[in-house]
Amino acid sequence: MPDAQKAADYARQNAQQKSTGYCARYVANALEYGGFKFTRQSSAYMYRSNNTLTDMGFKSISGGPFQKGDIYVEDKTSTHPDGHIAIYDGNNWVSDFVQKTSCVHSKDPGKNYYYRYN
């Protein structure tokens, strides 16, 4: 059975010191480690727009308080054509690195969405 908390632990353990630009790859690796089955997407925002998260059993939530294993997706913009994705480890949002906030694009952020596995 898929385990979003196990995925969050994996993300934290495999996070880099700073962004590598591969948030979608790192979060996908974590989700696979957590037992989720899905088709990898080429861009972070596509995990929302192609219904990949909802097909895995994640449900849209309006915001916090956040729980370990919640997912954040940011839509693409002209300056961030891949958007962004991260998973909450219980303390921090983690993508390819441990973030200070869920949104890492302070300039020109895309619309954001939060998901929780049920």
Side-chain angles (χ1 to χ4, degrees):
M1 173 167 238
D3 186 337
Q5 292 184 4
K6 184 176 178 181
D9 288 340
Y10 180 91
R12 179 61 184 241
Q13 292 164 1
N14 290 277
Q16 302 300 308
Q17 293 294 318
K18 60 182 182 174
S19 177
T20 64
Y22 294 106
C23 61
R25 180 183 301 169
Y26 275 73
V27 173
N29 289 346
L31 290 169
E32 285 179 344
Y33 184 82
F36 291 92
K37 305 293 183 209
F38 59 96
T39 300
R40 284 178 176 252
Q41 303 298 307
S42 57
S43 291
Y45 77 92
M46 296 171 89
Y47 282 88
R48 181 200 68 78
S49 66
N50 290 349
N51 299 317
T52 305
L53 289 170
T54 55
D55 289 349
M56 282 189 271
F58 283 85
K59 305 288 184 207
S60 179
I61 59 172
S62 60
F66 298 108
Q67 296 176 10
K68 187 176 186 179
D70 287 352
I71 302 281
Y72 167 83
V73 179
E74 185 178 303
D75 269 348
K76 66 180 179 173
T77 66
S78 60
T79 54
H80 304 291
D82 293 312
H84 187 65
I85 190 167
I87 187 167
Y88 192 64
D89 74 354
N91 294 304
N92 299 98
W93 289 98
V94 181
S95 53
D96 50 335
F97 70 107
V98 179
Q99 304 171 190
K100 293 181 179 160
T101 64
S102 58
C103 177
V104 296
H105 299 140
S106 58
K107 294 180 183 175
D108 190 30
K111 186 172 180 185
N112 56 56
Y113 305 87
Y114 296 95
Y115 294 87
R116 179 168 294 147
Y117 184 69
N118 289 340

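The shown structure was predicted, so the numbers you read here are calculated from the model rather than taken from an experiment.
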Without swapping roles, check the side chain of Tyr47 against the backbone of Gln41 for a donor-acceptor pair under 3.5 Å.
yes
Closer than 3.5 angstrom, by distance alone: can the side chain of Asp70 be matched with the main-chain N or O of Gln67 as a donor-acceptor pair?
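Side chain of Asp70 to backbone of Gln67, a donor-acceptor pair under 3.5 Å: yes, one is there.
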Are [X] and [Y] close enough that some pair of their side-chain heavy atoms sits under 4.5 Å apart?
X      : Y     : result
Asp3   : Met1  : no
Glu32  : Arg40 : yes
Leu31  : Met56 : yes
Ser19  : Phe97 : yes
Tyr115 : Ile61 : no
Phe66  : Asp89 : no
Ser95  : His84 : yes
Tyr10  : Asn29 : yes

Consider only side-chain heavy atoms of I, L, V, M, F, W and Y, link residues closer than 4.5 Å, and tell whether [X] and [Y] are in one cluster.
X     : Y     : result
Tyr72 : Phe58 : no
Leu53 : Ile87 : yes
Ile71 : Trp93 : no

For [X] against [Y], the heavy-atom pair lying closest together:
X     : Y     : value
Pro2  : Phe36 : CB-CE2, 3.4 Å
Tyr26 : Asn14 : CE2-O, 3.3 Å
Ala8  : Lys68 : CB-CG, 3.9 Å
Asp82 : Ser42 : OD1-O, 4.5 Å
Cys23 : Ala44 : SG-CB, 3.8 Å

When you check the side-chain N and O atoms of [X] and [Y], is any donor under 3.5 Å from an acceptor?
X      : Y     : answer
Asp9   : Tyr33 : no
Asn112 : Arg48 : no
Tyr113 : Glu74 : no
Arg12  : Asn92 : yes

Hey, could you give me the CD/OH distance between Gln5 and Tyr117, rounded to the nearest 0.5 Å?
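Output value for this atom pair is 12.0 Å.
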I need the His80 NE2 to Ser43 OG distance, nearest 0.5 Å.
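If I round to the nearest 0.5 Å, the distance is 13.5 Å.
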Sidechain N-carboxylate O distance under 4.0 Å for Asp75, Lys111:
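A salt bridge is absent here (no side-chain N lies under 4.0 Å from a carboxylate O).
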Other residues, nucleotides, ligands: >12 heavy atoms within 6.0 Å of Arg25 CZ
no
